[in-house]
There are 2 protein chains.
Amino acid sequence: MSSNAELKKAGLKTTLPRLKILSMLESTNIRHMTAEDVYKSLLDSGEEIGLATVYRVLTQFENAGLVIRHNFEGGRSVFELNDEGHHDHLVCMECGEVFEFYDKAIEERQRKVAEESGFVLDNHSLYMYGVCEGMRNNGKCSINKKKLSSVLNTSKR
Amino acid sequence: MSSNAELKKAGLKTTLPRLKILSMLESTNIRHMTAEDVYKSLLDSGEEIGLATVYRVLTQFENAGLVIRHNFEGGRSVFELNDEGHHDHLVCMECGEVFEFYDKAIEERQRKVAEESGFVLDNHSLYMYGVCEGMRNNGKCSINKKKLSSVLNTSKR
DNA sequence: ACGTTAGTGACAATTATTAGCAATAAACAA
DNA sequence: TTGTTTATTGCTAATAATTGTCACTAACGT
Ligand SMILES: [Mn+2]
Ligand SMILES: [Mn+2]
Ligand SMILES: [Zn+2]
Ligand SMILES: [Zn+2]
């Protein structure tokens, strides 16, 4: 489906900034970005969009279900396109690499726990932090460090 | 063990502010508090401690393993005493109530997933968000709302 | 008690994010 | 198309949470 149609389906007027942000998210090879990452990425490709607009649009996308917002350690929000189904995250504290996974057993147990506690679940986040194989073995990760910097918390950047 | 000894064991000089914060955390019936909650709670009991000191001390406690920092939805850090063992959290988005749970199966699957991905795990956080039974049934929760306000994100307060 | 050094308190500075508002640009009917 | 309406944008200013600075104190060891 075209970005244009995606926006329409989400009930959002198809404006230039929204189109640019959405198609950037769809074409980038970095799945998890902060608002500022998005802003800079657009700047790099010659698109001038105000930072405030980026924040606004990302929040609108979140409410529309187009993107997912994450609160990894470190405080700032990280966004990813909501294209694949639900999954959870493994974050390397050394290089910032993010591995995604889905574990049926975990999801089922979560439902069970919520049910037993009388909760009606809306959503959940499971973040696991550690050190990836690459960083342990040869101190270098398979993916571009610089680009992923935003996932690491401030003290480590 | 006395708060005094706890600090010593953690390698922290036993100062008045640290003692007050630690013993407050040990005696309060609110397990999850923001830095400002801690600050105000101390003020209420007549203890004057600078907010910056509260932030500093909580971070020191975190590094020493005395407290755990949480990043629930909404952005701000929430702290709890690291006295019981590890557990995960169910947060009610209506009233802010926090339920704690521990699920062996989930923990085991997490270890498995990490291992398979080549990660050496350091820690993890599993937060589930929903609506608790009390809020669904009669719109009122079993615990003091005002005191828990800090757990809810800004837009809902 | 005394001196050394880490810790504190008040306040300034940052960082991430949001609010306000005049200028634009979609949508849509004429 | 063109004009009208109204949402959206791009500044910039404002907040909220947290951290940095630095002179003043208070622990700790002697
Ligand atoms: Mn993801
Ligand atoms: Mn807890
Ligand atoms: Zn999950
Ligand atoms: Zn757990």
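Sequence lines set the chain letters: A, B, ... in the order given, protein chains first and strands last, and positions in each chain run from 1.
- Aromatic ring pairs are classed by plane angle as parallel below 30°, tilted from 30° to 60° and perpendicular above 60°; the pair Tyr127(B) and Phe72(B) is perpendicular.
- The listed nucleotides are dG9(C), dC28(D), dA16(C); the one nearest the side chain of Pro17(B) is dG9(C).
- Between His86(A) and His124(A), the ring planes lie perpendicular to each other; the angle is over 60°, past the 30° to 60° tilted range.
- For the residue pair Arg56(B) and Thr59(B), no side-chain donor N or O sits within less than 3.5 Å of a side-chain acceptor on the partner.
- As judged by a 4.0 angstrom heavy-atom cut-off over every strand, Arg18(A) is placed among residues touching the sugar-phosphate backbone only.
- Side-chain atoms of Arg56(A) come within donor-acceptor range of the base of dG10(D), with a qualifying N/O pair under 3.5 Å.
- If you take CG of Leu12(B) and P of dT8(C), they are 9 Å apart, rounded to a whole angstrom.
- Proximity note for Lys13(A) (side chain, C-beta onward) versus dA26(C), dG7(C), dA10(C): the nearest is dA26(C).
- One can place CG of Leu19(B) at 9 Å from P of dA27(D), the figure rounded to the nearest angstrom.
- In terms of phosphate contacts, Thr34(B) brings no side-chain nitrogen or oxygen within less than 4.0 Å of OP1 or OP2 of dA16(D).
- Between the CG atom of Leu58(A) and the C1' atom of dT18(C) there is a distance of 14 Å, rounded to whole Å.
- Phe61(A) places its CZ atom 11 Å from the P atom of dT8(D), with the value rounded to the nearest Å.
- Nucleotides of DNA chain D nearest to Val57(A) and Thr59(B) differ in position, and the one nearer the 5' end is that of Val57(A).
- Side-chain atoms of His87(B) and Glu107(B) form no donor-acceptor pair, as typed in the model, at a separation below 3.5 Å.
- When the side-chain nitrogen and oxygen atoms of Thr15(A) are compared with OP1 and OP2 of dA7(D), none of them lie within a distance under 4.0 Å.
- Between the side chain of Ser117(B) and the backbone N or O of Val113(B) there is at least one donor-acceptor pair closer than 3.5 Å.
- Closest to the side chain of Tyr55(B), from the set dT18(C), dA10(C), dT18(D), is dT18(D).
- With the nearest nucleotide of DNA chain C identified for both Arg69(A) and Leu16(B), Leu16(B) has the one nearer the 5' end.
- Taking every heavy atom of residues 38-50 of chain B and every atom of DNA chain D, no pair lies under 4.0 Å.
- In this structure, Val131(B) and Asp122(A) have side chains that are not in contact, with every pair of non-hydrogen atoms separated by 4.5 Å or more.
- Dense packing is recorded around CD of Glu116(A), with more than 12 heavy atoms of other residues, nucleotides or ligands lying under 6.0 Å away.
- The nearest whole Å value for the distance from the CD atom in Gln60(B) to the P atom in dG20(D) is 12 Å.
- Ranking dT12(D), dA17(D), dT8(C) by closeness to the Thr53(B) side chain, first place goes to dT8(C).
- In this entry the distance linking CG of Leu51(A) with P of dT9(D) reads 14 Å, nearest Å.
- Salt-bridge annotation for Glu115(B) and Arg111(B): absent, with no side-chain N of the basic residue lying under 4.0 Å from a carboxylate O of the acidic one.
- Taking atom CG of Asp37(A) as the reference point, atom P of dA16(C) lies 11 Å away to the nearest angstrom.
- Set against dT18(C), dT17(C), dT18(D), the side chain of Arg76(A) has dT17(C) as its closest nucleotide.
- Between the P atom of dT8(D) and the CG atom of Asn63(A) lies a distance of 13 Å, rounded to the nearest Å.
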